[in-house]
Protein chains: 2
Amino acid sequence: MHLASEESFLALIDGYFPTSNSHILLGRGDDCAVIQCPETLCLTSDLFLEDIHFRRSYFSPGDIGYKSLAVNISDIAAMGARPLGFNLNLMIPDGLEEGFWEDFFQAMSDLAAEAGLVLAGGDLSRSSCLGLDVTMWGQAPGRYLQRGQARPGDVLFLAGQAGLARVGLAVLEGGGDPAAYPEAVQAHLRPRLHCWEALELAGQSGVVGLMDVSDGLARDVPRFLGPGLGADLELGPEGIPEEVHRYCREQGISAEEQVFLGGEDYALLGAASEAAWPEVRQAVPGVRRIGQVRAVQDIRLSGRRVTEMGFDHFG
Amino acid sequence: MHLASEESFLALIDGYFPTSNSHILLGRGDDCAVIQCPETLCLTSDLFLEDIHFRRSYFSPGDIGYKSLAVNISDIAAMGARPLGFNLNLMIPDGLEEGFWEDFFQAMSDLAAEAGLVLAGGDLSRSSCLGLDVTMWGQAPGRYLQRGQARPGDVLFLAGQAGLARVGLAVLEGGGDPAAYPEAVQAHLRPRLHCWEALELAGQSGVVGLMDVSDGLARDVPRFLGPGLGADLELGPEGIPEEVHRYCREQGISAEEQVFLGGEDYALLGAASEAAWPEVRQAVPGVRRIGQVRAVQDIRLSGRRVTEMGFDHFG
């Protein structure tokens with residue numbers, strides 16, 4: 001990397017992120033970082049690119065720093081694991097406003113500290129477009145919660161909201177007044193994470209699987225179940241956030257369908273045996289039942305067949 | 001990620017990269033990959049972006065796939081470590097030629113197989129520009145070879161060539177006939193790796209440090225030494241590749257200075273005690289002495305003071 005100000009940029013990063021940590025045997029500044037490992041490690045990488053994953057017209061520098069880290073923390077949480085460290089690769093265009101990186105690093109380092117994450121290393125490059133690439137790793141206390149483990153009759157549950165971020169995105173993209181939808185806008189810009197619930201769920205033996213809902217229930221429920229299985233879902237009306245109800249009323253669309261289609265909420269979707277469900281619900285207050293696994297590869301929403309596109313009007 | 005053909009793209013990847021491996025407990029397709037860890041792991045991430053790190057006008061799809069992986073393998077080797085696995089994040093623009101990804105994955109998977117690397121996971125995104133982001137991890141048999149460990153009097157040595165890739169880049173960018181400089185061009189497009197030498201060097205107790213020379217000796221020797229130390233270097237004439245000699249003769253410039261400035265060769269720069277050097281040289285045939293560490297922060301090339309810009313004409 002031959003950024004003119006590479007050294008000063010690295011010094012800026014050092015001002016926000018501690019360089020040493022008991023997890024890190026050799027930190028930033030060498031060819032590799034060296035980390036102290038548990039027996040198994042879970043690893044994830046995510047791109048976060050301007051005009052694909054975010055727009056600078058409504059994402060503040062802090063929002064970009066927060067969300068690019070948050071989406072990876074959510075992947076770690078979705079394994080029932082605790083995040084340990086991350087690498088940060090930055091694609092840096094010309095012409096960013098004064099103070100952009102200070103605000104970006106402040107928000108990112110606040111979230112990193114809250115999640116117990118250490119910045120181990122990364123790369124910087126000039127680029128025509130602004131982009132981030134975060135690689136994160138974490139450790140599960142015991143087992144890892146996977147997809148494809150649910151069985152017919154299992155309860156499907158959700159930790160967190162669904163549908164809010166979709167309304168937030170629609171409003172931010174010009175479909176309404178952001179000030180009228182503060183929760184929905186916040187859900188899109190700075191999604192709430194469910195790290196605590198994830199670790200609690202991993203400790204419940206009746207929980208058979210977990211996944212983060214980044215692309216919406218419509219796309220992610222089939223991925224969670226795997227081939228040959230379906231689900232009966234009931235998403236409303238009491239589980240639907242007020243702003244989603246209000247937005248859908250104004251638009252004359254189905255709120256339950258919006259909750260089903262909505263993406264980027266980073267809620268956690270899980271499955272538990274029917275027998276274990278009462279205990280799971282009591283142990284982890286933030287989770288609520290949204291349906292049940294079926295032995296046929298078919299998703300039904302309040303009894304009506306749905307596809308990835310919403311209600312199946314030809315079905 | 002909402003790429004129209006995401007599923008078929010993932011299926012294409014599966015055709016080139018095995019999905020299971022003893023190192024991988026849970027492979028591609030979940031929120032995270034889960035890997036079986038040694039006690040310590042070294043980790044590196046590198047961006048590889050169009051028009052910053054490569055040009056499609058002279059990099060074939062296979063060259064891009066090869067080099068984006070190779071630069072990370074070199075970082076692992078530079079720790080004296082053996083690569084184990086990698087994550088691949090792809091930024092995918094519209095309008096790539098038919099067969100681009102097949103050629104790209106063929107070259108990348110050939111190199112991955114040769115290096116013993118498994119593809120654990122990653123991310124796909126549409127993008128305005130073509131770009132790759134590879135995160136790689138590896139394991140050292142015993143210790144890790146770091147920077148900043150050399151002492152005054154230690155021998156500095158190199159595994160691999162320096163200066164060839166710089167000539168290759170100049171020729172490819174329009175400064176000459178690529179057909180007249182096949183080795184130099186190849187050094188830029190598909191740098192030769194030094195994994196075997198790295199592991200051998202890690203096994204030599206007299207070797208005190210190692211680093212990969214990605215930005216050229218001029219920038220990387222000071223980084224390798226750290227503050228307060230300098231070096232007396234002798235880079236020529238017998239250690240200089242014939243194509244570098246010929247190119248510099250044609251251009252009327254100093255071949256030794258070109259070798260000193262040249263970047264992207266991915267040679268390995270190391271240090272060993274003077275007492276251990278004869279044994280190191282015998283044990284690892286590919287290495288050659290290029291100088292000695294000095295107690296003053298000053299780099300001299302054949303006795304003349306140099307800076308990051310080459311010979312210091314004002315010194």
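This one's a predicted model, so the numbers in the text were calculated from it and none came from an experiment. To find a chain, count down the sequence lines: A is the first, B the second, and so on, and within it residues start at 1. Worth knowing before you read on, the calculation uses all heavy atoms, side chains too, and leaves out hydrogens, waters and symmetry mates.
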Tell me whether [X] is salt-bridged to [Y], with the criterion being a basic N under 4.0 Å from an acidic carboxylate O.
| X | Y | value |
| --- | --- | --- |
| A:E308 | A:R223 | no |
| A:R192 | A:D265 | no |
| A:R55 | A:E50 | no |

Would the A:F54 and A:H188 ring centres measure less than 6.0 Å apart?
no
My understanding is that only residues two or more places apart in sequence, or in another chain, count here; which of them pass side-chain hydrogen bond (donor to acceptor under 3.5 Å, both in side chains) with B:R82?
none
Top contributor to chain B contacts, counting heavy-atom pairs under 4.5 Å, from [options]:
| options | result |
| --- | --- |
| A:L210, A:I76, A:D46, A:L90 | A:D46 |
| A:T135, A:L43, A:D212, A:I52 | A:L43 |
| A:L49, A:D30, A:N87, A:T44 | A:D30 |

Between [X] and chain A, which part of the residue has a heavy atom less than 4.5 Å away: side chain, backbone, both or neither?
| X | answer |
| --- | --- |
| B:L25 | side chain |
| B:M211 | both |
| B:L47 | both |
| B:L88 | neither |
| B:L26 | side chain |
| B:A120 | neither |
| B:S127 | both |

One option among B:M136, B:M79, B:Q36 has the most heavy-atom pairs under 4.5 Å with chain A, and it is B:M79
Residue, of B:T40, B:L145, B:D51, B:D133, that accumulates the most heavy atom pairs under 4.5 Å with chain A
B:D133
Are the side chain of B:D75 and the backbone N or O of A:C32 linked by a donor-acceptor pair below 3.5 Å?
no
Hey, what do you get for NE2 (A:H23) to CD1 (A:I35), rounding to the nearest 0.5 Å?
4.0 Å
Does any non-hydrogen side-chain atom of B:F17 lie less than 4.5 Å from one of B:R28?
yes
